[in-house]
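See structure below.
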There are 2 protein chains.
Amino acid sequence: MIKQKILVTVDNVIFTLIQDQLHVLLIKRDIDPFKNQRSIPWWFVLDNEDCDTAAYRELEEKTNVKNVYLEQLYTFSDPRRDPRWRVITVAYMALVARENIFIKAWSYTSEVKFFPIASLPKMGFDHKKVIEYAIQRLKWKMEYTNLSQFILPAKFTLSELQKVYEIILNKKFDVRNFRKKIDSLHIIKETWEKEIWVQYRPAKLYKFVDKKVKIIEII
Amino acid sequence: MIKQKILVTVDNVIFTLIQDQLHVLLIKRDIDPFKNQRSIPWWFVLDNEDCDTAAYRELEEKTNVKNVYLEQLYTFSDPRRDPRWRVITVAYMALVARENIFIKAWSYTSEVKFFPIASLPKMGFDHKKVIEYAIQRLKWKMEYTNLSQFILPAKFTLSELQKVYEIILNKKFDVRNFRKKIDSLHIIKETWEKEIWVQYRPAKLYKFVDKKVKIIEII
DNA sequence: CTAATAGTGTCTCTGAGACACTATCTA
DNA sequence: TAGATAGTGTCTCAGAGACACTATTAG
């Protein structure tokens, strides 16, 4: 039988929106290598689970939310990506709505924290590369699917929806053209509720018609 | 240190066009499990190489061609996908031009053979799923990149180019609209050569402007 | 009534798709 | 000259993008 000494892990790039900025969850390493540097959450795949299961497990451990969007991205396999052992990692990205994420990650100490992607700290391993890959995939999929629903609260305003696209795609849209386009796609519907506690004209709240990921040209 | 007993392999879904049909390279297994069934070529990742390198190595061993398009697809990790051991596989797809592929795979015995995707034989492992995934990715990428160049000979006619799209996307195109579209993309240029040995009006030969993969809306 | 954001319609221009005939080569 | 494929232009319609004002609420 073949001799091979490779360890397999899953890495989770967990995205959310906080105060109009895209953020990624990072943990602080308390052991070497890269002690005190940040890294994205990762862990070993167990012997009797597949990678999706492992990624979910790791995700719940850090955020305590279920019902999250999770997608396999890419497998990183440079033989020297971990200085200790030969480790291959299957990278995932997760999208969580800020209304869900507040539950656990926030209650941690500074060991688990969201960082805006515009100012990421120094990171161990090849995690910078993994995050860059994830951002690319996120942008790309935002353009042609209804993925934005997973980063929004269940009910949201059209302005919030537009802002999600503007932030992630880093691009401004015309209000009227944006609404016309969204309307033509039939991916969201009105609720009969409105914003409350706002000091201006309250906006109508909408929700997504379909929880499934659909292929749609949004922009 | 963590105990983990996982083996890592790479699977290659090797596509080419033969006689107006999309084909996949399969080998015949001469040992159990799945003895005498077909499978896509795969092999173990060596300790000091990354997965891309392993996939190239496996590819050259079967086809003897270099300069091939190779892309990582997805990592399949069901704990029971190999009945003997716990094996995780990183799947790749390769595109080869028929002018290149004839070199070695053809000279093999029946052990290594191309099968049209419309009539695939019974296959071991989860290879049906892997091939289906690869076909999806291929279709998808055909629509928005200049990937078709890797499945065509270096010089080709516009009819051949159109046929590539028609076969892979399983869809007919209007000759004039297709040419108008391709022309507007500036991805190919005329050579000053024409077809020879044909029994009708010989067509002009074209070649791709750029070997790099470009993002372009083709259809 | 002021400040702040929500919400709405029209025009222009580009590009996709429908459609049919002539040109060039071999045998 | 028959058979086979190459090669070419126009019109219509849909959708993208540019653009500015009125509506509604809280304080």
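By convention in this document, chain letters (A, B, ...) are assigned in the order of the sequence lines, proteins followed by strands, and residues within each chain are numbered from 1. Basis for what follows: all heavy atoms, side chains included, without hydrogens, waters or symmetry-related copies.
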Gap between atoms CD1 and P, on A/Ile218 and D/dG15 respectively (whole Å): 16 Å
Nearest-angstrom distance from the residue atom CD of A/Glu143 to P of D/dA16: 13 Å
Whole-Å gap separating C1' (C/dA6) and CG (A/Leu205): 12 Å
Output one line per pair: protein atom, nucleotide atom from nucleotides 6-9 of chain D, and distance, for all N/O pairs under 3.5 Å.
from: D/dA6; atom 1: OP1; to: B/Ser159; atom 2: OG; distance (Å): 2.8
from: D/dA6; atom 1: OP2; to: B/Ser159; atom 2: OG; distance (Å): 2.9
from: D/dA6; atom 1: N3; to: B/Arg201; atom 2: NH1; distance (Å): 3.2
from: D/dG7; atom 1: OP1; to: B/Lys204; atom 2: N; distance (Å): 3.0
from: D/dG7; atom 1: OP2; to: B/Arg179; atom 2: NH1; distance (Å): 3.3

Pairs involving residues 68-78 of chain A, ordered by first then second residue, that meet salt bridge (Lys or Arg N to Asp or Glu O under 4.0 Å) (sequence neighbours left out): A/Glu71-A/Arg137, A/Glu71-A/Lys141
Qualifying side chain to side chain donor-acceptor pair (under 3.5 Å) pairs with a residue from residues 168-193 of chain A, counting only residues at least two apart or across chains: A/Lys155-A/Glu193, A/Asn177-A/Lys180
Matching residue for A/Tyr92 among A/Asn12, A/Asp52, A/Asp11 - test: side-chain hydrogen bond (donor to acceptor under 3.5 Å, both in side chains): A/Asp52
Spacing of B/Asp183 atom CG relative to C/dG15 atom P, expressed in whole Å: 13 Å
Length of the CZ-P vector between A/Phe156 and C/dA6, whole Å: 14 Å
Protein-nucleotide distance (A/Phe178, atom CZ; D/dG15, atom P), rounded to Å: 18 Å
Partners passing side-chain contact (heavy atoms from CB on, under 4.5 Å) against B/Ile196 (at least two apart in sequence or in another chain): none
Show which side-chain atoms of residues 203-211 of chain B pair as donor or acceptor with protein atoms under 3.5 Å away, not counting sequence neighbours.
from: B/Asp210; atom 1: OD1; to: B/Lys212; atom 2: N; distance (Å): 2.9

Whole angstrom value for the distance that separates C1' of D/dG17 from CD1 of A/Ile182: 15 Å
Listed once per pair and sorted, the side chain to side chain donor-acceptor pair (under 3.5 Å) pairs that draw on residues 115-126 of chain A, sequence neighbours left out: A/Arg81-A/Asp126
Rounded interatomic separation in angstrom, taking NZ from A/Lys171 and C1' from D/dA16: 11 Å
